[in-house]
2 protein chains.
Amino acid sequence: MNIGDVADRTGLPAKTIRYYEDIKLVTPQRSENGYRVFRDNDLHKLAFLGRARALGFTIEDCRTLMALYEDQTRESAQVKAVAKDHLSVIDDKIKQLQSMRSTLAHLVECCSGDNRPDCPILNDLAQLAMEPVR
Amino acid sequence: MNIGDVADRTGLPAKTIRYYEDIKLVTPQRSENGYRVFRDNDLHKLAFLGRARALGFTIEDCRTLMALYEDQTRESAQVKAVAKDHLSVIDDKIKQLQSMRSTLAHLVECCSGDNRPDCPILNDLAQLAMEPVR
DNA sequence: GATAGGGATTCCAGCTACTGGAAGGTCAAG
DNA sequence: CTTGACCTTCCAGTAGCTGGAATCCCTATC
């Protein structure tokens with residue numbers, strides 16, 4: 001199977017597949033004309049990668065997960081550990097984004113958004129907030 | 001003021017400040033010995049940048065916001081538009097992360113995490129989910 | 001057999017926003 | 001005069017691709 005077909009089947013761009021070969025996540029054979037030849041196993045791996053990436057695992061995590069997948073003697077605890085670590089990374093990101101979101105949403109609400117130059121968003125960024133009303 | 005002091009005051013690493021000069025977000029003077037000399041205005045701009053970046057604005061957004069900040073004839077609507085766009089980018093990211101999170105959290109829960117090789121996380125990634133119970 | 005098209009190949013560069021490190025110049029203190 | 005803390009520039013690397021150029025291969029049609 002050629003790279004184009006694999007791209008269609010896995011939904012991964014051909015460029016990405018070549019990149020994955022580059023960093024040794026897959027190692028397709030080559031036919032005489034130099035084209036990559038993908039077999040079922042390669043296809044399978046690429047689909048695995050696509051799904052792991054879609055869950056936000058880093059490439060290095062993917063490497064680990066694939067190795068575990070192929071290791072019959074793995075312990076599910078190893079997999080779970082990787083997943084839990086990743087989960088906490090995701091949680092941290094969500095928290096950070098939510099904190100940004102809440103500050104920003106507040107500022108946006110405070111800004112009249114009209115044709116006058118006064119803007120609480122800029123004031124906040126410049127830390128020239130208005131004197132607190134006392 | 002030298003770069004080290006500016007770094008201390010703004011909380012930005014000296015490296016980052018040099019980078020910001022590189023991409024023309026600030027343009028400090030130079031003293032005779034070649035050292036950068038930062039004045040109040042530069043300090044102010046860098047603090048502005050630091051806060052905008054902390055809210056997740058891209059560098060290009062920051063450039064726009066600074067230009068608006070310095071433009072006395074701006075309309076607050078322009079600022080608000082930039083902020084709202086950014087807010088929706090943040091919202092998208094949060095949604096995507098939450099979707100990853102929920103899938104992953106479910107998988108983690110399903111995995112016994114013991115010394116046996118069976119692992120629903122890997123099964124899911126390999127899309128070899130168990131037959132649905134019918 | 002020439003040619004046109006749609007593949008495939010490699011390689012180089014660029015994206016974001018820094019960060020690390022090497023090699024060297026400057027300055028104040030002891 | 002030396003030491004150490006600064007400062008300078010420049011080059012390279014991070015993550016995970018993506019775009020583009022130049023070239024090659026294969027098939028089909030005229």
Side-chain angles (χ1 to χ4, degrees), chain A residues 1-39 42 45-46 48-66 85-86 89-90 92-93 96-97 100, chain B residues 1-39 42 45-46 48-66 85-86 89-90 92-93 96-97 100:
Chain A
M1 204 186 270
N2 283 351
I3 200 166
D5 306 316
V6 178
D8 289 345
R9 293 239 211 150
T10 59
L12 296 170
K15 278 274 186 186
T16 300
I17 298 171
R18 288 194 195 97
Y19 172 68
Y20 287 170
E21 183 189 22
D22 223 51
I23 61 174
K24 273 137 204 162
L25 283 175
V26 278
T27 48
Q29 308 279 110
R30 293 290 177 133
S31 70
E32 289 194 358
N33 60 17
Y35 287 18
R36 288 168 184 81
V37 177
F38 296 85
R39 293 184 299 170
D42 300 313
K45 279 192 186 179
L46 287 166
F48 185 104
L49 286 168
R51 280 188 286 270
R53 292 286 301 128
L55 286 179
F57 284 104
T58 65
I59 291 285
E60 282 320 300
D61 281 347
C62 290
R63 212 185 283 284
T64 306
L65 290 172
M66 286 231 310
D85 280 2
H86 180 48
V89 168
I90 289 180
D92 289 351
K93 284 191 188 159
Q96 208 199 342
L97 284 170
M100 287 177 185
Chain B
M1 204 187 272
N2 283 351
I3 201 166
D5 305 315
V6 178
D8 288 347
R9 294 240 211 150
T10 60
L12 295 170
K15 277 270 184 190
T16 300
I17 297 171
R18 289 194 195 98
Y19 173 68
Y20 286 170
E21 183 189 22
D22 222 51
I23 61 173
K24 273 137 204 161
L25 284 174
V26 278
T27 48
Q29 306 279 110
R30 294 289 176 136
S31 70
E32 289 195 359
N33 60 17
Y35 287 18
R36 289 169 183 81
V37 177
F38 296 85
R39 294 186 296 172
D42 299 314
K45 278 191 187 182
L46 287 166
F48 184 103
L49 287 169
R51 280 187 287 270
R53 292 285 303 128
L55 285 180
F57 284 104
T58 64
I59 291 286
E60 282 320 299
D61 281 347
C62 291
R63 210 185 283 283
T64 305
L65 291 171
M66 285 229 314
D85 279 2
H86 180 48
V89 168
I90 289 180
D92 288 352
K93 284 192 188 161
Q96 208 198 342
L97 285 169
M100 287 177 184

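So that the names make sense, note that chain A is the first sequence line, chain B the second, and so on, each numbered from 1.
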Exercise. Let me know which of B/L49, B/I90, B/L65 forms a side-chain contact (heavy atoms from CB on, under 4.5 Å) with B/F57.
Key: B/L65
Quiz prompt | Side-chain (A/H86) to main-chain (A/D61) donor-acceptor, under 3.5 angstrom | solution = no
Self-check item: Atom pair CE (A/M66) and CG (A/L46), whose distance is rounded to the nearest 0.5 Å
Solution: 8.0 Å
Practice problem: Report the distance from atom CG of A/N2 to atom P of D/dT27, rounded to the nearest whole Å. | Solution: 10 Å
Quiz item: Given atom CD of B/E32 and atom P of D/dC7, what is their separation to the nearest angstrom?
Solution: 18 Å
Quiz item: Do any side-chain nitrogens or oxygens of A/Y20 fall under 4.0 Å of OP1 or OP2 in D/dC17?
Solution: yes
Under 3.5 Å, side-chain donor or acceptor atoms of residues 25-36 of chain B against the rest of the protein: list the pairs with distances, not counting sequence neighbours.
unit_1, atom_1, unit_2, atom_2, d
B/R30, NH1, B/G34, O, 3.0
B/R30, NH2, B/E21, OE1, 3.2
B/R30, NH2, B/E21, OE2, 3.3
B/S31, OG, B/N33, OD1, 2.6
B/N33, OD1, B/Y35, N, 2.8
B/R36, NE, B/E21, OE1, 2.5
B/R36, NH2, B/E21, OE1, 3.1

Quiz item: What does the inter-axis angle of the helix from C/dG1-D/dC30 to C/dG30-D/dC1 come out as, five pairs per end, nearest 10 degrees?
Solution: 30°
Exercise. I would like to know whether B/I17 and B/T10 meet side chain to side chain contact (heavy atoms under 4.5 Å, CB included); could you show each step before the answer?
Key: CA-CA 10 Å; B/I17 297 171; B/T10 60; 4.2 Å; yes
Self-check item: Full working for side chain to side chain contact (heavy atoms under 4.5 Å, CB included) between A/I23 and A/R63
Solution: CA-CA 10 Å; A/I23 61 174; A/R63 212 185 283 284; 4.0 Å; yes
Quiz item: Which whole-number value in Å describes the distance from B/I3 CD1 to D/dC6 C1'?
Solution: 11 Å
Quiz prompt | Start and end of the DNA chain C segment that chain B contacts, any atom under 4.0 Å from a heavy atom | solution = C/dA17 to C/dC27
Exercise. Would you indicate, yes or no, if D/dC26 has its OP1 or OP2 atom less than 4.0 angstrom from a side-chain nitrogen or oxygen of A/N33?
Key: yes
Self-check item: Residue pair B/D42, B/V6: steps toward the side chain to side chain contact (heavy atoms under 4.5 Å, CB included) verdict
Solution: CA-CA 9 Å; B/D42 299 314; B/V6 178; over 6 Å; no
Quiz item: How long is the span from the CD1 atom in A/I3 to the CG atom in A/D8, to the nearest 0.5 Å?
Solution: 11.0 Å
Quiz item: How close or far is atom P of D/dC6 from atom NZ of B/K15, stated in whole angstroms?
Solution: 16 Å
Quiz item: A/Y35 has an atom OH; how far is it from atom P of D/dT23, in whole Å?
Solution: 16 Å
Practice problem: List the steps, then state whether side chain to side chain contact (heavy atoms under 4.5 Å, CB included) holds for B/R53 with B/Y20. | Solution: CA-CA 12 Å; B/R53 292 285 303 128; B/Y20 286 170; 3.6 Å; yes
Quiz prompt | Protein-nucleotide distance (B/D22, atom CG; D/dT8, atom P), rounded to Å | solution = 12 Å
Practice problem: Return the 5'-most residue of the pair B/R53, A/R36 with respect to DNA chain C, ranking by each residue's nearest nucleotide. | Solution: A/R36
Exercise. Return the value, rounded to whole Å, for the distance between atom CZ of A/R18 and atom C1' of D/dG20.
Key: 12 Å
Exercise. Measure from CD1 on A/I23 to P on D/dC17 and round the result to the nearest Å.
Key: 7 Å
Self-check item: Distance test, side-chain N/O of A/T58 to OP1/OP2 of D/dA15, below 4.0 Å
Solution: no
